[in-house]
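Quick notes on the structure that follows.
Below, chains carry the letters A, B, ... as their sequence lines are ordered, and counting in each starts from 1.
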2 protein chains.
Amino acid sequence: MFNEVYDVIVVGAGHAGSEAAAAAANMGSKTLLITMNLQNIAQMSCNPAMGGIAKGQIVREIDALGGYSGIVSDTSAIQFKMLNKSKGPAMWSPRVQSDRMRFAEDWRLLLEQTKNLDFYQEMVAGLLVENHKVVGIKTSLGVEIKAKSVVLTNGTFLNGLIHIGDKNFGGGRAGEKAATGITEQLVQLGFESGRMKTGTPPRVDGRSLDFSKMVEQPGDVDPEKFSYLDITKPLTKQRSCHMSYTSEKVHDLLREGFDRSPMFNGRIKSLGPRYCPSIEDKINRFADKDRHQLFVEPEGWNTVEYYINGFSTSLPEDVQFKALRSVAGFENVKFFRPGYAIEYDYFPPTQLKHTLETKLVEGLYFAGQINGTTGYEEAASQGLMAGINASLKVSEKDTFTLQRDEAYIGVLIDDLITKGTEEPYRMFTSRAEYRTLLRQDNADLRLTPKGFELGLASEKRLKRMEEKHEEAAKFVQFFRETSVQPAEANPVLESKNSALVKQSDKMFKLYSRPNITIDDVRKFKAVEDYIQEHNLDNEIIEQTEIQVKYAGYIAKEKLNADKLNRLEYVKIPENFDYSQIKSMSLEAREKLKNIQPTSIAQASRISGVSPNDISVLLVYMGR
Amino acid sequence: MFNEVYDVIVVGAGHAGSEAAAAAANMGSKTLLITMNLQNIAQMSCNPAMGGIAKGQIVREIDALGGYSGIVSDTSAIQFKMLNKSKGPAMWSPRVQSDRMRFAEDWRLLLEQTKNLDFYQEMVAGLLVENHKVVGIKTSLGVEIKAKSVVLTNGTFLNGLIHIGDKNFGGGRAGEKAATGITEQLVQLGFESGRMKTGTPPRVDGRSLDFSKMVEQPGDVDPEKFSYLDITKPLTKQRSCHMSYTSEKVHDLLREGFDRSPMFNGRIKSLGPRYCPSIEDKINRFADKDRHQLFVEPEGWNTVEYYINGFSTSLPEDVQFKALRSVAGFENVKFFRPGYAIEYDYFPPTQLKHTLETKLVEGLYFAGQINGTTGYEEAASQGLMAGINASLKVSEKDTFTLQRDEAYIGVLIDDLITKGTEEPYRMFTSRAEYRTLLRQDNADLRLTPKGFELGLASEKRLKRMEEKHEEAAKFVQFFRETSVQPAEANPVLESKNSALVKQSDKMFKLYSRPNITIDDVRKFKAVEDYIQEHNLDNEIIEQTEIQVKYAGYIAKEKLNADKLNRLEYVKIPENFDYSQIKSMSLEAREKLKNIQPTSIAQASRISGVSPNDISVLLVYMGR
Ligand SMILES: Cc1cc2nc3c(=O)[nH]c(=O)nc-3n(C[C@H](O)[C@H](O)[C@H](O)COP(=O)(O)OP(=O)(O)OC[C@H]3O[C@@H](n4cnc5c(N)ncnc54)[C@H](O)[C@@H]3O)c2cc1C
Ligand SMILES: Cc1cc2nc3c(=O)[nH]c(=O)nc-3n(C[C@H](O)[C@H](O)[C@H](O)COP(=O)(O)OP(=O)(O)OC[C@H]3O[C@@H](n4cnc5c(N)ncnc54)[C@H](O)[C@@H]3O)c2cc1C
């Protein structure tokens, strides 16, 4: 029935597929998005939230390039928080709670408004491949659709198997069918496939909770937002989350189910996300901790459904229930549905090029959880990159990749394809060796020109970015050039216990002092006048502050990077005791201990050992 | 994990289940609604519309009793039409186009705000039955939940099998899993089960349609609404539908797929809805018609998805596609998904009591499509009645049933349980022998007092109803008592070509004349003064008009009913030729011809032969 040849077919409308489809279509490719259920576009399978540490930066990067995730995160947000605001700006990470239904609906409506993009609801059961080149897909009903390239974004659906206690059944997500056929065909084509698992906590009825026994977690007083475009607005009202804790009693109750746990009785063999562990995992691995935090997150503006962040579990539902009832505020909790784990097929991403095209089959791209990652943001960014590259390929243009010092997206993909991953890969700031460069505030500066060149970011977006950074640069220049007299400076410095000045000094110097903030320097008349006169908004002021205060760090980081390169071939002593290096990530210590690399070079290639770990190791070895 | 005993468990959150759960909970029963996917509550499986001929009356009845369908139909409406406005008020039937997503979301939010109502997401795999009494349910994960009564509303999900061309696969709806286990257990318990089928048309991309080649179908200029409550408001803006036609060419193209049609090649054996036939059915059965109407209905306020009403089909998707492309305006149509047919298990409803409780298992109720009906409204009304009766039973109160002269709901249930049905049962005005009594305008008068007594309709609702009908009665009385002089009456009568009066006459008499409308009598000063003085709204004025103008019809109908009763035992001659009686429904003629009843009594008991058909038959036989 499809008598045309599509430029790009995207299989699956999760976070990866939705971004891939939007990107390819917006770059002018005739694109088809085919997915099992058009009513579940960009469904949040797990927590109703976008962003967070390192992930928030990725969303900003997607937005800067011209993707949709940032816009939808804004329009569907019910709470905004800038995490790590007390740390340096490299660590600032935007995060929103989302209205789950709004998120999916807003994504769908945005996609519907995208030119060049068609939709089709069906399960894809296989690829059409000729001479190691993809030429289309085949649905489970036998419909063949031709295409010049195909992006697979099947998420957790490939031979998905859901576990709760000692029960298991096929499914791609609770209440949804698994997808079959694709893995088998790819394996036949020579691909290596593996199995991973992830889990999700119970959903509960907010009417059954006693919030007075929990700690309220409101959103930021001055909420910001994700998109650099002005088509979205910061929230004017927000919903609060709440926090509670597990206890020894809760842990004991959970332990009662361990013999029926698919995690512990060997029924689940695949690896789960180390950094997003189930509650049983946490109890097991951190046996000395007598409590764990739980965040009680509303699923939307109006719904009474709540997500219990931190209580991911695949224990039998009666065990989940009994244990949760012992948590403060949950004495009368009622379940909407129990937590569960899901096992699914993935393809070790070392089989991909930097463009996310597979090495084996030309024109075939993989993006998202199918590559062994976890998280909406990781999935969405890969989708964007695969969509871009599929589109570039069919129009016979150069590929588009991002370097490790250009974007978290660059780090993500470089990690995936050079190191692979044996457990669900999640982004962390620690994975980025140039993280002072890869901030959430400058993603537009880093990426919007590239997005514009691709035909993805609009001119309006480019103009906004340029204006913002020009204004900030001018304001920085102002601080460099403008002096302040002791009479004006000292009262401010005194109030901050900062050394007084004896003679007029450049404002830049004073402002650079660690505990002197924008609020302090605004007390200097010239500064406040400048702000008023140039009508500077918060974004520009913040940008300026970062440029002034953190210039030093950035320089230092570059130096460190160079050092890494020089020292790459240093030998590591035999039987080196990694357990002493507490400042190295747990994952790295475990991996290094197991593999015992003989050189730094070898160490740095091990999956899970980040450049940062290597740097810590070098310091420890006295280099 | 559920350590309490529920009063009522409702299985399935379709239209039947949602009303059942709301009713039971609102009547004070501890209720659990358990369904396969909590994100698909009150999903519209097929057309995005509520109401229509006879169905609109049912929605008004549900609302009058205190159900939610009317409210949700109002809040999610994108277009309102009062159908049959040119006919007598017994035929007036409200209908809305719905925003599919809004409909489901509004239902969910209403249910969430309902006290005594818990939710659980899981597939129910069986019932717990002890001594022919239901005591709970068991989920597919093995969770047992106790209850004093259970309402089954599984819709099209029981062993659902989806057909497209010569392909078929299990599913309860496109993209959703089928439910298994329940039929098998019920059959073991002694229930008779059967198979039915229904179908749905393709969904298409509105951006690919040329609406200029179709006829626009806007909503009413003065839209009304469903709910008698003032918490909903009539629409102030609306979306239009459009109309197009099939053609001989389209029919020829469709016929090319007949050999691959599951309908014609014998793959589907079960019966489909005669009055909602597939396009291939229509072409086949009405071979002389050279075109059929298609209504192109938007699926919501903002989506580009459209529903092609009238093109329900299970032909192979390439045939559907080729044929639809030959319809005016569809030359470039793109599919979101093809049409399909679904076969599912139902239980012949003769196995039920008037309360919808099963005769075999105490405390077990069936409602909705599981009883062999089709349509959201039919399902919702059964759910309401089953929920009410389950709740009454557990609180040991008298049962609640409606007579055939009290409500369409009464007709529906009486038909189902006394006649059964061999094909999907749909409501028609012709099924109601007292249809002049069962109007959409007086459902509140008929049913709200009952709903209030049940504890379902609020006092506010009762008060509104009483006020409206008191005001109308007073206004009728005013017409009866007030005279008008020839000088004032005759210009109005003359303008309507109505006989002039020579002396003062009662307004009631003039207003009763068929072509004299409210607009005419409002020209009499006393009438307009009365309206202004009493501040009468349209609802009351309309009610008054009906009371004045149709009093005669109502009396006549009562007479007719009596006649039916007296003449019930008249013999029918052998080999009577029913095909001559064109004014009898086609279904009745076919059934009578096949079964050849020997008496009117026997005839009247045959499924598909309505009291109205009997009345026609009697007239024909000269009685
Ligand atoms: C139970 C569960 C728990 C999770 N827990 C966490 C967590 O704690 N932390 C975290 O960061 N992430 C978690 N995730 C992961 C997160 O949801 C995913 O990383 C993210 O959704 C991946 O996006 P994706 O686009 O790759 O795939 P998905 O969001 O899974 O989307 C895949 C899409 O492809 C469609 N599809 C699949 N196969 C086919 C086919 N053959 N034909 C047509 N369409 C197809 C599906 O219908 C779906 O729309 C969890 C996921 C699940 C299911
Ligand atoms: C393809 C299709 C075409 C149709 N065409 C028409 C038409 O042309 N005209 C018309 O008037 N009507 C049509 N209908 C019928 C209309 O959709 C139904 O009559 C109406 O939805 C029935 O409502 P219900 O509540 O009985 O069941 P449904 O709306 O089917 O809801 C059933 C609910 O029960 C849940 N469920 C089922 N089994 C279980 C279980 N074991 N455990 C837990 N939950 C369960 C399901 O998830 C679902 O939520 C069509 C339906 C389908 C599927």
Check for a donor-acceptor pair, side chain of A:R207 on one end and backbone N or O of B:D118 on the other, with a separation under 3.5 Å. no
What part of B:R173 lies closer than 4.5 angstrom to a heavy atom of chain A: side chain, backbone, both or neither? neither
Measure the CD-OG1 distance between A:E105 and B:T303 for me, rounded to the nearest 0.5 Å. 9.0 Å
Considering only heavy atoms, which portion of A:E4 lies under 4.5 Å from any heavy atom of chain B: side chain, backbone, both, or neither? side chain
Pair count under 4.5 Å, heavy atoms only, with chain A: among B:V304, B:D166, B:D318, highest is B:V304
If you count heavy-atom pairs within less than 4.5 Å of chain A, which of B:G171, B:P338, B:G206, B:P316 leads? B:P338
Working to the nearest 0.5 Å, report the span between CG of A:N40 and CG of B:N40. 6.5 Å
Against chain B, work out which of A:K334, A:Q320, A:E112, A:Q121 has the most heavy-atom pairs shorter than 4.5 Å and name it. A:E112
For the atom pair CG (A:L141) and CD (B:E317), what is the distance rounded to the nearest 0.5 Å? 5.5 Å
Identify which of A:R108, A:R100, A:E122, A:M36 forms the greatest number of heavy-atom pairs closer than 4.5 Å to chain B. A:R108
Per-residue tally against chain B (heavy atom, under 4.5 Å) across A:I34, A:L38, A:T35 peaks at A:L38
Pick from B:E305, B:E176, B:Q43: which one makes a side-chain hydrogen bond (donor to acceptor under 3.5 Å, both in side chains) with A:Q39? B:Q43
When only pairs under 4.5 Å are counted, which of B:N168, B:L109, B:N37 shares the most heavy-atom pairs with chain A? B:L109
What residue in B:F335, B:F336, B:F169 has the most heavy-atom pairs under 4.5 Å with chain A? B:F336
